[in-house]
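As structure tokens, the structure follows; a few thoughts come after it.
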Number of protein chains: 2
Amino acid sequence: MAEDIAGSPGPSRRDVLRRGLFLGGAAVVGGAVGAVADHVAEHHDGGGDTVPFYGAHQGGVVTDTQQNTVIASFDLHTTSRDEVVEVLRRWTALAASLAHGDSTTVPIYTPKDVSDSYSNTTQISTTSDSLEAWQVGPSRLTVTIGFGRGLFLSEGKDRYGIASRMPEELVELPHFAGDELDPAQSDGDLFLQACGDDLQVVFHAVRSIARISPDVAALRWTQIGYSPSNKAGTPRNLMGFKDGTINSNAHPPADLDSTLWAPADGQSWMRGGTYLVYRRIRMSLEHWDRLQVGDQEKVIGRQKVSGAPLGARDEFDALDLDTRGSDGAPAIPVDAHVRLAAPETNDGAVLIRRAFAYNNGTTQFTERWPPWRQALEYDAGLLFLGYQQDPRKSFVAINSKLAINDALNQFTTHTASAVFAIPPGASGPGHWVGETLFA
Amino acid sequence: MAEDIAGSPGPSRRDVLRRGLFLGGAAVVGGAVGAVADHVAEHHDGGGDTVPFYGAHQGGVVTDTQQNTVIASFDLHTTSRDEVVEVLRRWTALAASLAHGDSTTVPIYTPKDVSDSYSNTTQISTTSDSLEAWQVGPSRLTVTIGFGRGLFLSEGKDRYGIASRMPEELVELPHFAGDELDPAQSDGDLFLQACGDDLQVVFHAVRSIARISPDVAALRWTQIGYSPSNKAGTPRNLMGFKDGTINSNAHPPADLDSTLWAPADGQSWMRGGTYLVYRRIRMSLEHWDRLQVGDQEKVIGRQKVSGAPLGARDEFDALDLDTRGSDGAPAIPVDAHVRLAAPETNDGAVLIRRAFAYNNGTTQFTERWPPWRQALEYDAGLLFLGYQQDPRKSFVAINSKLAINDALNQFTTHTASAVFAIPPGASGPGHWVGETLFA
Ligand code: HEM
Ligand code: HEM
């Protein structure tokens, strides 16, 4: 069965696709989509749990953390600027309608020059919703669209005539000590971050958007993340520590214009946008769980139960990096994660973090530190989603230090990475994300 | 860095472990666990969302579907019956306390004959909770424990003197047409199914139980699944169809004694237990989404929006396999999934299904049917968890037919598989799952 059609003596892929999917010997094109689509439209749920889609900024950046995320990246297989524009227009329209709890009503897009090469897409099952999230409600869905460097320059080519508009802030990250990045799970030309309180709703959004234009924008990778409900306060990461106490979407710095939103002297089309650095960071949970709580606290620099900085009392007390314990040593050790990451030790550089846990099951893993055990271990940890005004000043500067000195490194490995420009929001119906860049 | 300690010239693994984890040059054993553990114990949340753990049957079988599941399988690395008993005692006690919303208070178990071989487990971080789900509440957590064939017979060896008590129902499955099973994601000696409405709580349960006895019972695989909220009625699977309308945990058959619970003439220790067949079934969502809704309905044999059988009106109308359409053909086609799976065409054999979606991201995939496209596709689909009185009469009989004739096969591939005996529940504190087998 497993046979590449290209090398097969049978009907060509194109022929098979023209005739439709092969189903029990009968070709299956045409049919009763219209009726179902209408039925669905009547019942959409636009109630309670809705995060507005349109606005000066895209949602999903400082929006309160939802319980689930699916992030996805796409490679562009086209040299036509118009096709990219058409994809972004449709992605935006569909994202808006999903965020408002409407059914999928945006037609699938098959551009002329590829319409013949992959499937009679326009003939089969175009407007209908895959329906698995139907009537579940928007569940605080946000969809955030991002642009990778490849949109501007791909293998040195300016495919869409916009290379001159590539922001300086959209850097290529340097290699950091300890990185073990999987290229197949990293980077990409376009990016989607869907977040919501029901994973079925969230994946439905990515799947629906991905199927609008599979010929033009092909999936490169997807990654799922989750957060516990925040009914016990700041959600905890898989190390059991509160994550997001400060400089996070839940507790952002006071002045977002100087920390989060794209700089006033940068590319004007990015005004109201921001920059995302994504890192998938595996945790050696098996090792972490064998460490004394007191020592875990020294690694992080905060108390486990309360989340308070070491040497302080309450979660939201300020970090005091100068406090010393009775032994004369700094209460927050010199190699503690929060000391090395805090703005106070980074010329004021700030990262607005939106943290999710991820859990990809178990895989063989070689530990980075003695006893270098090779074993089946959890492939679980943190989806680091850091939003910032300028990754050169924030992520790159901070992580260059962390990668070398952070005590946390003994328990973490960065396994995937990407940087995306997150353009400003679409201001209302008819507008689209990317309009400021392309229009 | 990546160096197997066995071949390393440095300190032996045993030495390193005796000295504790290597942390910034300092060994880290001993410390302040007690204080945190006490603090935690004060605050446990035993409120609202609790499914009782103790009872004649284990929870998680006919319990209402929760939104998340983590299933995990373990290999036993011991020849001592006492050690297996000790593991099951502790697993049960911990499962009960987690289900009741208590913190992790069961000590980690390091049996004497392995205490020297892996880590000073009893010295480090034993009773403390990893804390990531602390105060989130039990979230309807259930933990279900199962036994694989390997518990009874492992490579022909009766390691624990219980081979004669292996139930006939605990069959080895035959190879089915189209199976593409990954052995590393299949089978196992012991099994855990944790279900609950918060993934962090659910994974916390598996992680906490797995760390009680890592030397004796080592993780073999884990798999995460989810279900949308059922506020829109029967939850839908990723094909967009309602899944669980009939013969499911939500809508079980009337007589569970003759369909679900272990047979009266079987092994007496299994009285009150049941048998689980697990299959991870990948869906070719990309193909499915290109199929007309009308044709999707012919594949399943039910209407997509309402869930009603073809030829009927309402979701819960009985399947009428004899109804014919105006064209004279059966309303439910001869190769429709529900026709072939229904008890009516299987000598009354019943499966109680507890369905979750899974989504493991994207991987390279070669499609099983024309155009045999090789592409990056979703590794997503269904976690089939079928509970039944006798897998020989139910799963094996039904799937032998489905694997050959089901129209659904064009869109599905079975990629992982396991069968477990699910013993009766523990009747109260002090009792344990497996007591009827071992005591
Ligand atoms: C698995 C990896 C990581 C874990 C488990 C982790 C965990 C934490 C925790 C528990 C805190 C303290 C609570 C809070 O302030 O929210 C924190 C703070 C922080 N982390 Fe991380 N982190 C990780 C990786 C990173 C990386 C890669 C960066 C940036 C390069 C980073 C930047 C920060 C920053 C900026 C803070 C706030 C510090 C402050 O302003 O006080 N973290 N992290
Ligand atoms: C990805 C694979 C599968 C999908 C998407 C799927 C989907 C469905 C759907 C939509 C229904 C109708 C709704 C309902 O009655 O709950 C159904 C019914 C059923 N399925 Fe599946 N199924 C799959 C695999 C299997 C397998 C492998 C078996 C057993 C070997 C099975 C056994 C059944 C049974 C017994 C019923 C109920 C039939 C009746 O009593 O009317 N299914 N399935």
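By convention in this document, chain letters (A, B, ...) are assigned in the order of the sequence lines, proteins followed by strands, and residues within each chain are numbered from 1. Keep in mind that what you see is a predicted model, and the values were worked out from it rather than measured.
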Given side-chain contact (heavy atoms from CB on, under 4.5 Å), test B:L238 with A:Q200 step by step and report yes or no. CA-CA 8 Å; B:L238 288 178; A:Q200 188 115 330; 4.0 Å; yes
Proximity breakdown for [X] and chain A, heavy-atom pairs closer than 4.5 Å:
X      : answer
B:Q67  : side chain
B:N360 : neither
B:I224 : side chain

Gap separating the [atom1] atom of [X] from the [atom2] atom of [Y], nearest 0.5 angstrom:
X      : Y      : atom1 : atom2 : answer
A:R236 : B:Q135 : CZ    : CD    : 6.5 Å
A:K242 : B:W134 : NZ    : CH2   : 7.5 Å
A:L291 : B:S130 : CG    : OG    : 13.0 Å
B:T222 : A:N359 : OG1   : CG    : 5.5 Å

Could you tell me which of A:T362, A:L199, A:L219 has the largest number of non-hydrogen atom pairs under 4.5 Å with chain B? A:L199
Sort and list the pairs that fulfil salt bridge (Lys or Arg N to Asp or Glu O under 4.0 Å) and have at least one residue in residues 219-228 of chain A, not counting sequence neighbours. A:D75-A:R220
Of B:L285, B:V70, B:N68, B:V201, the largest count of non-hydrogen pairs under 4.5 angstrom with chain A goes to B:L285
With B:F203, which residues qualify under ring-ring contact (aromatic ring centres under 6.0 Å, His included), at least two apart? A:Y378
Work out which heavy atom in B:K304 is nearest to a heavy atom in A:L131; give both atom names and the distance. CG-CD2, 3.6 Å
What verdict does the side-chain contact (heavy atoms from CB on, under 4.5 Å) test give for A:N237 and B:E132, after you've listed the backbone C-alpha separation in whole Å, the side-chain angles of each residue and the deciding distance to 0.1 Å? CA-CA 6 Å; A:N237 63 32; B:E132 76 273 18; over 6 Å; no
Examine whether an atom of A:L376 lies under 4.5 Å from a heavy atom of chain B, and if so say whether it belongs to the side chain, the backbone or both; otherwise answer neither. side chain
Is it the case that the side chain of A:R211 and the backbone of B:E286 share a donor-acceptor pair, with hydrogens and angles ignored and the cut-off at 3.5 Å? no
